[in-house]
Amino acid sequence: LISNALQLMVEVVQEICHVRVNYAPDFNSLMIISGTLEHGSIARLPQFAYLSANERHVIEELRTLLTTQFNYLWLRMFLQHHPFSPPFLG
C-alpha cells in the first residue's frame, strides 16, 4: 500500500514536471511533494527499495532540481531557459 502511494507520487511528479509549449511546471506542487518525500518518517521507509530504477531516478532528479545548495542553482538555471514557468513562492 505504501509503495503504491510512493509510485503515485512519482507519477504525479512526472506529470507536473513535463515541459511543453504553453505549459509551465508547477514548482509549488513539486516543492510540496519533495518535502513530503524528504520528511524523515517517509525517507526512512523500506518501501523505497520496491520502487523501480526509473522511479528512483525521478525522485533523485527532483531532489537535484529543488536542492537549496548553491542558492537553488538548478532551479534558477531551469527558470532562465524556461521563463514562462512561475517561480517557487516559498
Side-chain angles (χ1 to χ4, degrees):
L1 185 64
I2 293 174
S3 60
N4 289 345
L6 293 173
Q7 289 171 335
L8 176 65
M9 291 179 97
V10 169
E11 289 176 17
V12 169
V13 166
Q14 288 175 320
E15 190 60 35
I16 290 173
C17 210
H18 279 157
V19 177
R20 299 179 215 134
V21 176
N22 298 327
Y23 177 80
D26 183 358
F27 287 110
N28 291 306
S29 296
L30 289 175
M31 283 296 243
I32 291 168
I33 293 170
S34 175
T36 302
L37 292 173
E38 297 295 323
H39 188 273
S41 301
I42 305 287
R44 290 189 301 263
L45 288 173
Q47 283 81 359
F48 274 99
Y50 297 115
L51 296 176
S52 70
N54 184 41
E55 291 166 335
R56 286 193 300 267
H57 179 70
V58 168
I59 291 173
E60 191 56 40
E61 283 184 338
L62 179 66
R63 287 178 181 150
T64 301
L65 178 65
L66 301 177
T67 185
T68 59
Q69 289 181 330
F70 308 112
N71 195 23
Y72 294 97
L73 173 68
W74 293 108
L75 183 58
R76 286 186 292 117
M77 287 175 56
F78 181 87
L79 290 173
Q80 285 176 351
H81 291 17
H82 304 283
F84 56 85
S85 298
F88 174 62
L89 300 176

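Residue numbers start at 1 and run along the sequence shown. Source: prediction; values computed, not measured.
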Taking side chain as C-beta onward, heavy atoms only, is V10 less than 4.5 Å from L62? no
Please evaluate residues T67 and L73 with respect to the criterion side-chain contact (heavy atoms from CB on, under 4.5 Å), reporting the C-alpha separation (whole Å), side-chain torsions for both, the decisive distance (0.1 Å), and the verdict. CA-CA 8 Å; T67 185; L73 173 68; over 6 Å; no
Heavy-atom closest pair (L30 atom, L66 atom, distance to 0.1 Å) is O-CD1, 3.6 Å
Closest contact, heavy atoms only, E38 versus A43: O-CB, 4.1 Å
What about L45 and Y50, same hydrophobic cluster or not, with Ile/Leu/Val/Met/Phe/Trp/Tyr joined at side-chain heavy-atom distances under 4.5 Å? no
To the nearest 0.5 Å, how far apart are NE2 in H57 and CD in E61? 3.5 Å
Would you say N54 and Q14 make side-chain contact, with heavy atoms under 4.5 Å? yes
When rounded to the nearest 0.5 angstrom, what distance separates CZ in R44 from NE2 in H39? 8.5 Å
Below 4.5 Å, heavy atoms only, C-beta onward: do L6 and I59 meet side chain to side chain? no
Specify the closest pair of heavy atoms between R76 and N71, including all atoms of both residues, with the distance to one decimal. NE-O, 2.7 Å
